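Let me begin by presenting the structure, written as structure tokens, before commenting on it.
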Amino acid sequence: MSDAQREIDRKREEVRQHLDEIESRVNPRKVADRVIGRAQDSYNDDPTPWLAAAAGAAVLIVGGIVLAIVRR
């Protein structure tokens, strides 16, 4: 095998690796898995902000329902 062919093969492998990495970074399933994993890690580290956000969302939902009922 010539030096030129070895260089072509090496470059081809580099391109394949780069494409694999790009695919891994933008694949929707893998992105979602990473986001879910980070959220789970964050919750496991300190659930307080998550519980506060859930309580805030509950207050907004209940408040909206109460307003809808009162305005009738």
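Treat the numbers as computed from the prediction; the structure is a model and nothing was measured. Nothing fancy with the numbering, it's 1 onward along the sequence.
Each side chain to side chain donor-acceptor pair (under 3.5 Å) pair with one or both residues in residues 50-72, not counting sequence neighbours, appears once here: Ser42-Trp50.
For the side chain to side chain contact (heavy atoms under 4.5 Å, CB included) test, residues two or more places apart in sequence or in another chain that qualify with Ile65 are Ile61, Ile69. Residues forming a side chain to side chain donor-acceptor pair (under 3.5 Å) with Asp46 (at least two apart in sequence, or on another chain): Thr48. Shown here are the side chain to side chain donor-acceptor pair (under 3.5 Å) partners of Asn27, two or more places apart in sequence or in another chain: Glu23.
With respect to Arg6 and Asp3, a salt bridge is recorded, a charged nitrogen being found less than 4.0 Å from a carboxylate O. Glu13 and Arg10 are not joined by a salt bridge, as no carboxylate oxygen comes within less than 4.0 angstrom of a charged side-chain nitrogen.
Residues Leu67 and Val59 fall into different hydrophobic clusters, defined by Ile, Leu, Val, Met, Phe, Trp and Tyr side chains chained together at heavy-atom separations under 4.5 Å.
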Distance-only donor-acceptor hits, side chain of residues 28-40, under 3.5 Å, sequence neighbours excluded:
residue: Arg34; atom: NH1; partner: Ser24; partner atom: O; Å: 3.2
residue: Arg34; atom: NH2; partner: Arg25; partner atom: O; Å: 3.0

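Shown are Arg16, His18, Gln17; of these, the side chain to side chain donor-acceptor pair (under 3.5 Å) with Asp20 is made only by Arg16.
In this structure, Ile8 shares a hydrophobic cluster with no other residue, the cluster being traced through Ile, Leu, Val, Met, Phe, Trp and Tyr side chains under 4.5 angstrom apart.
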